[in-house]
Amino acid sequence: MRVLGIETSCDETAAAVVDETGLVHADVVSSQVARHAPHGGIVPELAARMHLTAIVPVVERALEQAGGWARIDALAVTQGPGLVGALLVGLGAARAMALARDLPLVGVNHLEGHLLAPRLRWTESDPPGPAFPYVALLVSGGHSALYEVRDAHDVEILGQTRDDAAGEVFDKVARLLGLGYPGGPRIDALASRGRADAIRWPRPMADRGDSLDMSFSGLKTAVALHVRRNGVPDDEQGLADLCASFQRVMVDALVERAIDACLRRGASRLVLTGGVAANRGLRAAAAQASAAHGIELFVPPVRACTDNAAMIALAATHRLARGERADQSLAPYARDPVAHVRGKMPKLRRN
Ligand code: KG4
Ligand code: ZN
């Protein structure tokens, strides 16, 4: 079964074709990041308008790569969480195509897509990715949480940020330093040339007890105070040192919780996913800590970590296999619906 997936929850217009083995037959992403950058963040109305312009050409390119409509068996679209105006564009397109082509349609939770992304395969010879169950650290611009993924439809949240998402913290610190938007990749690049022990930052939520939650507001404030007192370093090395030491403390907090989650759940597989999983410091630290604990680490290629439609199409293959079908009333949701996640739902706050 080949599914054409559509993703428009944030600032990427994406379409992809994936089969039930996770093999990617087409993968097209049109990023709006350059248009939002001058505003220092994503402007929701601009995102919606740009999706409207990009959606048809992006879908056409994906269809071209996959061999046309004759090769498509079903349609999938991100239903939420995300920017409602942006989601509406994808939903409108998917509903219209399902009607016109008489194809089954399913709505997919964006987070479910991120959690399944390591199971995508880019060539026939690629291994199938992590078997269920696994622990996943999902860190992006809008979300930071740890999950136990027991099956595609059986996911439990183990801990999450109480304030900002990890990517949001990278972006805000980068803005304080005048590095522009998005900040994660820029801090990552500078950090590789800096000394991680140059500045001692407070550890995020050091007194978490046995909670797997995260909180980054204290660290963010500490960086803001430091910059207010000392100014932004005017030399390249000073800037690199600040970035390296900030990144180290973020990465340590994330890796520590991820390993803790694996040990508590007896999980032998750990997945890093979401845009921040592109961070080289995070990848290296997670690889080292996983190896030390005999845990197998899976990190999807960067194109699968950041927002894409292939992960949406893959999640849809599982939903379709369970007999799920949406009708023409399929509507967006801005926040993650509680019903999606099984088990305990602590103080849910997502941006
Ligand atoms: O998953 P994503 O593309 O979009 C969301 O769903 O949010 O994640 C984007 C986030 C941004 O905050 C960006 O700064 C961050 O991921 N990011 C990084 C890196 N690359 C992207 N953060 C740290 N290091 C990176 N190399
Ligand atoms: Zn995302």
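Everything numeric here is computed off the predicted structure, so don't read it as measured data. When a ligand or atom number is given, it counts from 1 through the structure's own listing order. Hydrogens, waters and symmetry mates are skipped; everything else that's a heavy atom, side chains included, is used.
A heavy-atom separation below 4.0 Å is not found between Cys10 and ligand 1. Residue contacts with ligand 1 include His114, since one or more of its heavy atoms lies under 4.0 Å from the ligand.
More than 12 non-hydrogen atoms from other residues, nucleotides or ligands lie less than 6.0 angstrom from CD of Gln328.
Note on the Zn ion (ligand 2): protein N, O or S atoms under 2.8 Å away count 3, no waters included.
Remark: Arg195 engages Asp241 in a salt bridge, criterion side-chain N to carboxylate O under 4.0 Å. Taking a cutoff of 4.0 Å between a charged side-chain nitrogen and a carboxylate oxygen, Arg264 and Asp260 qualify as a salt bridge.
When only modelled atom types and interatomic distance are considered, Glu7 and Ser9 share a side-chain donor-acceptor pair under 3.5 Å. Side-chain polar atoms of His110 and Asp307 form a donor-acceptor pair below 3.5 angstrom.
Counting protein heavy atoms only, atom 15 (C) of ligand 1 is closest to Val276 CG2, 4.0 Å. Summary of contacts: the protein heavy atom closest to atom 4 (O) of ligand 1 is Asp307 OD2, 3.4 Å. Of all protein heavy atoms, the one closest to atom 21 (C) of ligand 1 is Gly275 O, 3.4 Å. At the shortest separation from atom 26 (N) of ligand 1 among protein heavy atoms lies Asp188 OD2, 2.8 Å.
Taken from CZ in Arg265 to CG in Leu146, the straight-line distance is 10.5 Å, to the nearest 0.5 Å. In this structure, CG on Leu270 lies 6.5 Å from CD1 on Ile295, to the nearest 0.5 angstrom.
Partners of Ser192 under the side-chain hydrogen bond (donor to acceptor under 3.5 Å, both in side chains) rule, at least two apart in sequence or in another chain, do not exist in this structure.
Using modelled atom types, no side-chain atom of Asp188 and backbone atom of Gly184 make a donor-acceptor pair closer than 3.5 Å.
When Ala278, Gly274, Gly184 are ranked by how near their heavy atoms come to atom 22 (N) of ligand 1, first place goes to Gly184. Looking at Asp171, Ile42, Asp164, it is Asp171 that brings a heavy atom closest to atom 11 (C) of ligand 1. Comparing Ala189, Gly141, Pro81, Gly113 against atom 10 (C) of ligand 1, the shortest heavy-atom distance belongs to Gly141.
Atoms of ligand 1 lying under 4.0 Å from at least one heavy atom of Thr306, given by number and element, are 1 (O), 3 (O). Within the listing of ligand 1, atoms 7 (O) sit less than 4.0 angstrom from a heavy atom of Gly142. Every atom of ligand 1 is numbered from 1 in the order shown, and the set under 4.0 Å from a heavy atom of Gly167 is 12 (O).
The nearest pair of heavy atoms linking Pro301 to Arg283 is C-NH2, 4.3 Å. The minimum heavy-atom distance between Ala62 and Ala16, with the atom names listed, is CB-N, 4.3 Å.
Both the backbone and the side chain of Asn279 come within contact range of ligand 1, each with a heavy atom under 4.0 Å.
Of the candidates Asp19, Asp126, Thr21, Arg121 forms a side chain to side chain donor-acceptor pair (under 3.5 Å) with just one, namely Thr21.
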